[in-house]
Q: 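Take a look at this one; I'll ask things after.
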Amino acid sequence: MILFGATGDLAKRKLLPGLFHLAAAGMMPARYRIIGSGLPHDAPGTDDFRTHVRAAVDNYGRTGHGAGSWDPFAVNLDFAPATPTEPQALRDAVAKAEQDLGGPVQRLIYLAVPPDAFVATVRMLGVTGLGTGAKLVIEKPFGHDLDSAKALNRELRAVFDEDRIYRIDHFLGKEAVQNILAFRFGNGLFESVWNADHIDHVQIEVPERLTIEGRADFYEQTGAFRDMVVTHLFHLLGFLAMEAPARLDAASLHEQAETVFQALNPVDPARTVLGQYDGYTAEPGVAPDSTVETFAALTVEIDNPRWAGVPFHLRTGKGMTQSRHTITLTFTKAPQDLFGPADCTSGRDAPNELIFELSDPGSISISFRTKAPGADTRLDDASLNFHYADSFTAAHGLLGYERLLHDAMTGDHTLFTQAGGIERLWEISAPLLAHPPRPLPYRQGSWGPAETDRLIAPASWHLPEPRDGRPWQG
Ligand SMILES: NC(=O)C1=CN([C@@H]2O[C@H](COP(=O)(O)OP(=O)(O)OC[C@H]3O[C@@H](n4cnc5c(N)ncnc54)[C@H](OP(=O)(O)O)[C@@H]3O)[C@@H](O)[C@H]2O)C=CC1
Ligand SMILES: O=C1O[C@H](COP(=O)(O)O)[C@@H](O)[C@H](O)[C@H]1O
């Protein structure tokens with residue numbers, strides 16, 4: 001495996017600890033080498049790179065490097081610098097690794113570099129032959145608008161056949177996200193009410209406590225909408241809203257997700273609120289007059305028979321008060337208005353909600369009303385809760401990046417995103433990209449600009465919980 005960007009943030013926090021966990025779990029190939037690569041300035045030697053990886057495993061892995069598993073993993077690590085015009089050291093390192101391994105070798109190339117380095121790196125892989133016969137895993141964002149996404153896809157296909165390209169969206173590797181499909185299609189109870197007749201609205205909320213954490217170069221080019229919405233949040237929406245696939249294979253799932261994206265209406269700037277946390281422009285590397293958004297909330301609709309008229313409200317941002325990955329489906333009220341707010345202990349006429357918490361290890365809750373014990377008929381709020389951690393051994397699960405790294409190694413495209421769907425998502429984003437509203441300021445540690453409540457009114461955002469005394473007027 002060649003890991004470009006091996007000294008970067010993503011490699012440190014997710015990829016290197018993930019590869020170590022796969023090795024410790026016996027899920028790496030019997031024989032392998034991992035060659036980290038990056039720019040020549042400050043390039044570590046082999047020993048320094050191994051020390052860097054061990055620190056990443058200790059700081060960000062789930063178990064620490066544990067002596068028994070570390071040594072057999074570490075001997076497979078090497079580092080070789082490369083630039084698009086100076087690839088020789090990397091070529092030499094790859095040739096040596098392949099000679100050591102012997103026999104036919106399957107190359108896996110991972111691009112964890114800034115988006116403006118994608119094309120030059122891919123061209124270098126073509127010119128040097130390093131890309132020949134290799135699989136390519138490429139990180140998001142896949143372009144910054146429709147034209148650049150198409151151009152990137154052309155560049156990728158000039159070197160790699162489509163069936164060797166893995167466009168990664170690590171949210172799709174999360175166990176709890178895959179469980180949305182199991183929950184929907186494995187349970188007749190829920191699939192029968194999964195439509196506009198029974199669902200009033202849907203929310204997808206991914207607030208993050210962390211700020212840009214020194215990623216100004218990346219974030220100033222990207223912003224919250226491109227970083228999170230057009231990628232992760234829209235792909236979650238695809239899983240939630242798709243029709244049942246004919247089979248649980250890559251082609252069927254991709255087809256159904258893309259059908260949802262085709263039916264998504266263009267993003268309306270008037271139904272979008274952008275925000276920027278106080279202090280963003282003072283972050284190192286951020287322009288003092290930057291108008292890049294660190295928060296985005298928007299409402300989109302899917303124009304098909306299943307979802308016509310059901311708003312999907314999406315909200316994400318940096319520097320917020322909690323880190324969550326929460327999906328809420330709010331059901332329509334019972335057809336007969338037998339109980340009003342006055343009959344409820346809470347004084348509110350709460351709708352039923354189905355809540356997926358996707359943060360590892362994840363949970364599913366259903367909120368409903370029940371009769372409070374006593375001589376009169378008063379309703380109280382209640383819920384049924386399923387927690388992965390209580391029911392399964394978490395150690396058996398793989399984190400998002402681990403699952404997807406393993407899938408790329410074994411050649412399974414099912415949980416990777418596709419060029420056609422990505423291009424469609426940029427297409428529907430065009431009105432917002434052309435006319436973005438000015439970002440509104442918000443306090444760090446808050447829930448974003450207050451204006452965001454307008455998008456969802458007269459309902460209200462699911463977060464924060466509990467929803468004490470807030471009325472629901474669906
Ligand atoms: N960080 C995260 O949480 C996530 C990141 N991603 C994606 O991963 C990718 C990398 O992000 P991140 O790790 O945060 O970025 P960083 O800036 O932290 O790291 C980038 C890495 O790429 C190297 N690099 C920079 N320019 C070049 C170049 N021209 N050629 C080769 N290597 C280069 C850097 O080397 P050096 O340090 O020597 O300059 C560094 O190792 C991005 O596409 C991002 O969208 C996706 C999901 C989450
Ligand atoms: O892709 C990205 O995702 C992370 C959030 O991922 P999570 O699994 O940690 O919730 C986000 O912080 C980053 O900005 C973005 O590039």
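Whatever order the structure lists ligands and atoms in, that order sets their numbers, starting from 1.
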Q: Go through the steps to decide whether Asp145 and Ser148 satisfy the test side-chain hydrogen bond (donor to acceptor under 3.5 Å, both in side chains), and finish with yes or no.
A: CA-CA 5 Å; Asp145 58 14; Ser148 56; 2.7 Å; yes
Q: Tell me the protein heavy atom at minimum distance from atom 5 (C) of ligand 2, and give that distance in Å.
A: Glu208 OE2, 3.4 Å
Q: Tell me, which protein residue and heavy-atom name are nearest atom 5 (C) of ligand 1, and how many Å apart are they?
A: Arg215 NH2, 3.6 Å
Q: Taking it one step at a time, do Tyr280 and Glu220 satisfy side chain to side chain contact (heavy atoms under 4.5 Å, CB included)?
A: CA-CA 10 Å; Tyr280 174 72; Glu220 280 280 276; 2.6 Å; yes
Q: Working note: Ser323 + Glu208, criterion side-chain hydrogen bond (donor to acceptor under 3.5 Å, both in side chains); need CA distance, chi angles, decisive distance, verdict.
A: CA-CA 4 Å; Ser323 291; Glu208 294 185 275; over 6 Å; no
Q: Return yes when Asp42 approaches ligand 1 closer than 4.0 angstrom through a heavy atom, no otherwise.
A: no
Q: Does the side chain of His144 come within less than 4.5 Å of Leu433's, by heavy atoms?
A: no
Q: Between Tyr219 and ligand 1, which part of the residue brings a heavy atom under 4.0 Å of the ligand: side chain, backbone, both or neither?
A: neither
Q: Just to be sure I read this right, does ligand 1 sit under 4.0 Å from the backbone of Phe218, its side chain, both, or neither, counting only heavy atoms?
A: side chain
Q: Do any heavy atoms of Phe171 fall under 4.0 Å from ligand 1?
A: no
Q: Could you tell me whether some N/O pair between Gly8 and ligand 1 is separated by less than 3.5 angstrom?
A: yes
Q: Does ligand 1 have an atom under 4.0 Å from some heavy atom of Lys14?
A: no
Q: Could you tell me the residue and atom name of the protein heavy atom closest to atom 9 (O) of ligand 2, and the distance to it rounded to 0.1 Å?
A: Lys14 NZ, 3.5 Å
Q: For ligand 1, is Arg13 a contact, meaning one of its heavy atoms is under 4.0 Å away?
A: yes
Q: Quick test of your reading of the structure: of Leu10, Thr7, Asp9, whose heavy atom lies closest to atom 16 (P) of ligand 1?
A: Asp9
Q: State, yes or no, whether a side-chain contact exists between Arg107 and Val94 at a heavy-atom distance under 4.5 Å.
A: yes
Q: Quiz question: by atom type and distance under 3.5 Å, do the side chains of Glu205 and Thr328 form a donor-acceptor pair?
A: no
Q: Between Thr294 and Tyr219, is any side-chain donor less than 3.5 angstrom from a side-chain acceptor?
A: no
Q: Can you tell me if Tyr219 contacts ligand 2 (heavy atom of the residue under 4.0 Å from the ligand)?
A: no
Q: Should the proximity of Phe118 to ligand 1, defined as any heavy atom under 4.0 Å, be assigned to the side chain, the backbone, both, or neither?
A: side chain
